[in-house]
There are 2 protein chains.
Amino acid sequence: MSEQIPGWFTEIFQDQGTGFSLKVKSKLHEEQSQYQKIEIFETETFGNLMVLDGCVMLTDRDNFLYHEMMTHPALFTHHAPKKVVIVGGGDCGTLKEVLKHPGVEEAWQVEIDERVTRVAEKYFPDLCTANNDPRANFFFGDGIKWIADAPLESIDLIIVDSTDPVGPAEGLFAVDFYRNCFMALREGGMIVQQTESPLLHTSSIIKKVHDDMRQAGFDGVRTLPFPQPVYPTGWWSCTMAGKGKKLEFFREEDAAERPFVTRYYNAEVHKAALALPEFMKNELDLD
Amino acid sequence: MSEQIPGWFTEIFQDQGTGFSLKVKSKLHEEQSQYQKIEIFETETFGNLMVLDGCVMLTDRDNFLYHEMMTHPALFTHHAPKKVVIVGGGDCGTLKEVLKHPGVEEAWQVEIDERVTRVAEKYFPDLCTANNDPRANFFFGDGIKWIADAPLESIDLIIVDSTDPVGPAEGLFAVDFYRNCFMALREGGMIVQQTESPLLHTSSIIKKVHDDMRQAGFDGVRTLPFPQPVYPTGWWSCTMAGKGKKLEFFREEDAAERPFVTRYYNAEVHKAALALPEFMKNELDLD
């Protein structure tokens with residue numbers, strides 16, 4: 001669905017009745033991988049754009065919002081994350097943010113489609129600058145199985161950086177998967193997952209993730225909204241939860257004195273992201 | 001620019017290289033007023049949509065985000081706002097939120113185009129439920145002149161609820177206008193203005209508003225970002241400032257115990273909106 005308006009890439013969200021367009025200079029790449037159609041466009045104003053099966057994944061200009069919020073709030077809430085596993089995240093942007101934390105000793109990117117990573121290395125080199133970090137490890141294959149096979153209590157933080165909960169990613173929004181994550185996490189471990197749009201999905205996807213994570217044994221489930229212009233409604237969220245951990249506090253001083261550069265995240269933004277709009281509190285049955 | 005995709009309303013932001021579309025059931029209304037083309041569409045999923053000169057103004061579904069954030073943070077920061085003036089705001093949504101505050105004794109909506117208000121009364125009745133409140137006053141005409149002619153130190157809060165800073169609204173983003181606002185405000189008075197997209201406009205429009213407001217004599221200029229799906233990037237902002245007032249505190253207890261319903265705003269969201277992303281702090285030269 002990319003040529004409704006000549007010279008523009010358009011993504012139509014038929015179910016939501018909305019659409020988003022970016023003006024395109026040229027198409028840089030197109031391939032059908034084993035799993036999906038991968039397209040890269042050069043846009044007029046948002047840098048390069050990655051599209052999977054017609055869905056906008058990321059652009060150069062605004063991916064920092066998503067990648068910083070998928071990582072730093074969780075990493076600064078865990079007391080000392082050493083081993084971090086990213087399920088999905090083939091563009092490597094999440095991995096890059098994780099490895100900014102000097103305390104992380106080992107990070108795994110478990111992505112089903114190796115071609116996404118290879119294409120990102122070519123067209124999003126800024127996201128891949130940490131790929132040669134000796135702490136970075138890559139596994140290309142089924143993340144659900146990888147987590148199910150992981151040694152018990154071996155991981156500090158699991159980041160579920162997936163596509164929408166349809167098709168291959170559907171199994172990543174399910175209580176069975178969360179239960180396996182729970183088993184694979186050390187005591188005090190955490191999970192964080194992208195959970196779609198607060199405006200569109202609070203009473204459906206986000207509510208279900210809360211329920212499923214609790215059912216899997218997690219405590220202190222929290223959803224953090226953040227802006228993400230190229231996704232539907234321009235407003236997105238992640239949801240995090242802890243194993244034997246309420247997530248009421250975070251390492252605020254460490255966040256304030258972080259030894260790396262961020263563009264969206266800071267300690268105040270972290271606290272702010274924990275404040276839920278009134279309608280979300282109501283729809284999620286929070287106080 | 002409404003028929004690029006048949007059956008959809010599309011707004012193309014040519015300068016920004018982005019576009020936004022809503023699926024349309026029917027066009028309910030179209031007229032050319034003295035000032036602009038006014039169109040109303042019934043959308044599939046966002047309720048009714050108002051478009052002025054091709055630009056999306058508001059929809060039923062998400063206008064609560066904008067209207068609540070244009071009003072309650074300022075009204076709960078002022079120590080006791082009694083007289084409130086809205087410049088623009090012809091759809092009456094801002095007026096409705098203002099009049100939720102029992103302490104407000106007198107509110108003025110100073111809108112240049114009476115037709116916008118008449119059309120809103122017909123197609124957005126939910127926004128106009130306070131129009132018959134005895135505290136509500138309407139003036140249809142030039143807001144810049146109205147403010148310039150206002151008695152000195154007669155107003156507690158001025159809310160600039162305008163279109164983009166081009167065409168008729170350009171004079172509302174200017175130091176001369178802010179100086180007249182400053183003169184018209186009582187000591188401890190405040191101004192709040194919509195200031196476009198944090199991602200697109202921080203170093204241009206938002207920075208200039210900060211500089212201009214300070215130059216006009218205001219203190220404690222603060223920008224509050226918030227989501228607004230139907231505007232470019234889905235991320236918007238308002239900027240507020242005080243006359244002899246630093247805006248460091250707000251009436252948090254009153255906000256928490258507000259005697260009216262909100263859908264986005266609450267005391268935690270208010271505090272959260274004061275936390276600026278790292279790039280905004282940098283671009284605005286804040287600490």
Side-chain angles (χ1 to χ4, degrees), chain A residues 1 4-6 8-25 43-46 61-62 64-65 68 197-200 225-236 258 261-282, chain B residues 1 4-6 8-25 43-46 61-62 64-65 68 197-200 225-236 258 261-282:
Chain A
M1 295 224 177
Q4 281 95 342
I5 309 170
W8 292 68
F9 171 84
T10 297
E11 181 177 0
I12 290 291
F13 313 108
Q14 199 70 45
D15 289 353
Q16 305 299 346
T18 67
F20 178 72
S21 304
L22 286 169
K23 191 162 209 280
V24 163
K25 283 185 184 169
T43 72
E44 285 281 349
T45 55
F46 273 64
R61 184 166 184 182
D62 72 343
F64 71 96
L65 298 160
E68 291 185 14
S197 163
L199 188 73
L200 303 175
F226 54 85
Q228 185 52 255
V230 300
Y231 287 175
T233 71
W235 196 19
W236 217 242
R258 65 199 177 284
V261 172
T262 54
R263 291 177 61 202
Y264 183 71
Y265 181 86
N266 57 40
E268 303 85 60
V269 161
H270 184 147
K271 260 188 292 190
L274 294 167
L276 283 192
E278 204 61 10
F279 81 91
M280 292 186 74
K281 287 168 66 175
N282 292 336
Chain B
M1 295 223 175
Q4 282 94 345
I5 309 170
W8 293 67
F9 171 85
T10 297
E11 181 177 359
I12 290 291
F13 313 108
Q14 200 70 45
D15 291 352
Q16 305 298 347
T18 67
F20 177 72
S21 304
L22 285 169
K23 191 162 210 279
V24 163
K25 283 185 184 168
T43 72
E44 285 280 349
T45 55
F46 272 65
R61 185 168 183 181
D62 72 343
F64 72 95
L65 298 160
E68 292 185 14
S197 164
L199 188 73
L200 303 175
F226 55 86
Q228 184 53 255
V230 299
Y231 287 175
T233 71
W235 195 20
W236 218 243
R258 64 200 177 284
V261 172
T262 53
R263 291 178 60 203
Y264 183 71
Y265 181 85
N266 57 40
E268 303 86 59
V269 161
H270 184 148
K271 261 189 290 191
L274 294 167
L276 283 192
E278 204 60 11
F279 81 90
M280 291 186 75
K281 286 166 67 175
N282 292 337

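So you know, we letter chains A, B, ... as the sequences are listed, proteins then strands, and number each from 1. Source: prediction; values computed, not measured.
Residues meeting the side-chain hydrogen bond (donor to acceptor under 3.5 Å, both in side chains) test with B:Tyr264, sequence neighbours left out: none. For A:Thr43, there are no side-chain hydrogen bond (donor to acceptor under 3.5 Å, both in side chains) partners, not counting sequence neighbours.
Atoms NZ and CG, from B:Lys281 and A:Asn266 in turn, are 4.5 Å apart once rounded to the nearest 0.5 Å. Here CD of A:Gln14 is found 8.5 Å from CD of B:Glu44. Values are rounded to the nearest 0.5 Å. A distance of 8.5 Å separates OG1 in B:Thr233 from CZ in A:Phe20, rounded to the nearest 0.5 Å. How far CG of A:Leu199 is from CG of B:Asp62: 6.5 Å, rounded to the nearest 0.5 Å. Going from atom CD of B:Glu278 over to atom CZ of A:Phe64 covers 11.0 Å, rounded to the nearest 0.5 Å.
Looking only at heavy-atom pairs under 4.5 Å with chain A, the residue among B:Val24, B:Val269, B:Thr18, B:Leu22 that has the most is B:Thr18. Highest contact tally toward chain B, considering only A:Gly17, A:Ala275, A:Ala273, is held by A:Gly17 [criterion: heavy-atom pairs under 4.5 Å]. Between chain A and the options B:Ala272, B:Pro229, B:Gly234, heavy-atom pairs under 4.5 Å are most frequent for B:Pro229.
Proximity to chain A (any heavy atom under 4.5 Å) is restricted, for B:Phe46, to the side chain, taken from C-beta onward. Proximity to chain B (any heavy atom under 4.5 Å) is shown, for A:Leu274, by neither the backbone nor the side chain. Heavy atoms closer than 4.5 Å to chain A are found in the backbone of B:Asp15, but not in its side chain.
Between the side chain of B:Asn282 and the main chain of A:Arg263, no donor-acceptor pair closer than 3.5 Å is present. Judged by distance alone, the side chain of A:Thr45 and the main-chain N or O of B:Gln16 form a donor-acceptor pair under 3.5 Å.
A:Ile12 approaches B:Ile5 most closely through the heavy-atom pair CD1-CD1, 4.1 Å. B:Gly19 and A:Trp8 get closest at one heavy-atom pair: N-CZ3, 3.8 Å. Between B:Arg61 and A:Leu200, the shortest heavy-atom distance links the atoms NH2-CD2, 3.5 Å.
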